[in-house]
Amino acid sequence: NAGVTQTPKFRILKIGQSMTLQCTQDMNHNYMYWYRQDPGMGLKLIYYSVGAGITDKGEVPNGYNVSRSTTEDFPLRLELAAPSQTSVYFCASNQDTSRSTGQYFGPGTRLTVT
Amino acid sequence: GEDVEQSLFLSVREGDSSVINCTYTDSSSTYLYWYKQEPGAGLQLLTYIFSNMDMKQDQRLTVLLNKKDKHLSLRIADTQTGDSAIYFCAESKDYGQNFVFGPGTRLSVLP
């Protein structure tokens, strides 16, 4: 299993540009998440999904959109990039009954908006 | 509320024990976790403890949970340079899908 994969690893955007961060998992997990990590601030939940076709907002959803058309994929869309969205973005997944395994994380996407 | 707090930095000498502390405010948390993040990588689960346990040991790792004080600690015995990383404490409940993370403790292991 590849686990959770994310692309791209790095990206620089200009203010106002759009992009999609890709996330794929091959573990047949129902639950998927997007977090952002700012220095010294831990992880903040942006959006999550409990299964294909179902998404819900987390703590910091403004400026982002998600979709979940398949179990495997959970892309995160930034429509009008702003400097405040400069961060490291992590995708994670877990099976709904396996809390003892915690979450599986991707390697992250480092995004800079200038 | 759901706040998880950790000190941001810890330095220890190679071979010593490291103790990383965490406090949480939500007494309804069911699982508490420790994750390790190495530079440029995602988080990896190190260990977890269920809320009805006081202690869990896994090789060099010992997790202690004090539910009364809402305090969780991770002890790493015989700390090695490869243990240098950021360690995150996290909690979750048995309902909903919210995992709440602390800010992370950067552990530096000095030779």
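Everything numeric here is computed off the predicted structure, so don't read it as measured data.
Connection of A:Leu45 to A:Tyr89 is not established within any shared hydrophobic cluster, with ILVMFWY side chains joined at heavy-atom distances below 4.5 Å, either directly or through further cluster members. Following chains of ILVMFWY side-chain contacts shorter than 4.5 Å, one can reach A:Val50 starting from B:Tyr31, so the two form part of one hydrophobic cluster. B:Leu32 and B:Trp34 fall within the same hydrophobic cluster, where Ile, Leu, Val, Met, Phe, Trp and Tyr residues are linked whenever their side-chain heavy atoms come under 4.5 Å apart, directly or through other members. In the hydrophobic clustering of ILVMFWY residues, with side-chain heavy atoms under 4.5 Å counting as a link, A:Tyr31 and A:Leu21 come out apart. A chain of hydrophobic side-chain contacts below 4.5 Å, direct or via other Ile, Leu, Val, Met, Phe, Trp or Tyr residues, connects A:Trp34 to A:Val113.
The closest side-chain heavy-atom distance from B:Phe101 to A:Gln37 is not below 4.5 Å. Between B:Phe99 and A:Asn94, some side-chain heavy-atom pair lies under the 4.5 Å cut-off. Using a 4.5 Å heavy-atom threshold, the side chains of B:Leu43 and A:Leu43 count as touching.
Residues of residues 45-79 of chain B that come closer than 4.5 Å to chain A, counting heavy atoms only, are B:Leu45, B:Tyr48, ordered by residue number. Using non-hydrogen atoms only and a strict 4.5 Å limit, the part of residues 102-111 of chain B facing chain A consists of B:Gly102, B:Pro103.
Residue contact with chain A, scored on non-hydrogen atoms closer than 4.5 Å, is absent for B:Gln6.
Counted within 6.0 Å of CD on B:Gln44, heavy atoms from surrounding residues, nucleotides or ligands total 12 or fewer; the atom is thus considered open. Counting non-hydrogen atoms of other residues, nucleotides and ligands closer than 6.0 Å to CD1 of A:Ile12 gives a total of 12 or fewer.
Across all their heavy atoms, B:Gln37 and A:Phe90 have their closest contact at NE2-CZ, 3.2 Å.
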